[in-house]
Amino acid sequence: MKTNLLFLPRHYQLQTLNMALADGTLLPVSVIGNGKPVIMLHAYGMDAREFLPFILPLIDKYEFYLPHFRGFGAAKDINLTQFDFVRQYADDIHAVIEEICMTRDIESLPVAAISMGALVMWSYFEHFGISRVSRYMNIDQSPVIHNQVDWQGGLFGKQQQEMFDIFHEVVDMTLPYANLNSFTHLPFALKRRVTDVERLFSLLSVNRTRSKAIVQILTHQHDHKLVFYDHSTWQHKMRCLQAYLALPYDFRPIIADVTIPVVSLIGGRSELYDPKWQQKITQMLPNAREVVLPRSGHAVPLDEPIRFYKVLKDFLEA
């Protein structure tokens, strides 16, 4: 007997809400579930709906709010208005959290965030405090991007200068085309360089052999396909890279103030953020514990999907 999707209970159907931000922008937020509200924040280049395989088994107990950051996913057509995109995202998430707390009549809610989304949460804690967040899961993200004399756990660790040089090169190459809307109109060599750098970044994010194979398949563009490839987020990604390279993101001063329960989920073989330095953050937090997945790279859900689901479930049930 076939099930008519139109007659499924509403909480089993993915909805998209448009939540008003401080500047009047309407931000799409995917929502599914029936129960206690939870926010999950996605990574750079990710679509918030990619969390769905991990949260569908939990939608009878929790209502998941999945905001789409400006420039990505369902918000790919919403432009940034600030150079510091992390701060702008933090402002946006503040508006989303306030809206959820008001409409659901709650004081606070759990937040789980991965990679860039987790960096946004560090900025959120700096500017808005912890009162609206009941507990927090930080997924493979350091609160410090640039290596410093007293901190060598920034993005890419010991490879940081090498990778930043590559990013500087590709950003500089694309600057003359900043006002060109269509990726298909870029010179072919530049399109190839942009997609090659993106694939390099994605490959460094995973550790398992199967994950690398998936990344290779999903990111490689044959020459004849690249000619017509419509890369709708390329300009936004370049803007984010510019900010990563230029701004001294360092949220260590607020770590001691994050007194809520924190779970630090760490990829034991992460090439983006050295696990040993991530563990130092756990030790600096007043009320934190860590879970290290020894075979996972930075992209924990892709490398260890079952373990990721179990850790998320435990975090929500705590």
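When reading the values below, keep in mind they use all heavy atoms of this one structure, side chains included, and skip hydrogens, waters and symmetry mates.
- For the pair D274 and K280, the salt-bridge criterion is not met [side-chain N within less than 4.0 Å of a carboxylate O].
- The aromatic ring centres of H42 and F51 sit 6.0 Å or more apart.
- If you check the side chains of Q160 and H146, you find no donor sitting under 3.5 Å from an acceptor.
- A donor atom on one side chain and an acceptor atom on the other are found under 3.5 Å apart for E63 and Y65.
- Between the side chains of D303 and S211, at least one donor N or O lies within less than 3.5 Å of an accepting N or O.
- Under the 6.0 Å cut-off for aromatic ring centres, F156 and F167 qualify, their centroids lying closer than that.
- Aromatic pair F201/Y44: ring centres closer than 6.0 Å.
- Within 6.0 Å of CD on E107 lie no more than 12 heavy atoms contributed by other residues, nucleotides or ligands.
- Checked against side chain to side chain donor-acceptor pair (under 3.5 Å), Q216 has no partners two or more places apart in sequence or in another chain.
- Partners of F125 by ring pair (Phe, Tyr, Trp, His ring centres under 6.0 Å), not counting sequence neighbours, listed by chain and number: Y136.
- Listed by chain and number, the residues in a side chain to side chain donor-acceptor pair (under 3.5 Å) with T81 are Q88 (sequence neighbours excluded).
- Surrounding CZ of R192 are more than 12 heavy atoms belonging to other residues, nucleotides or ligands, all under 6.0 Å away.
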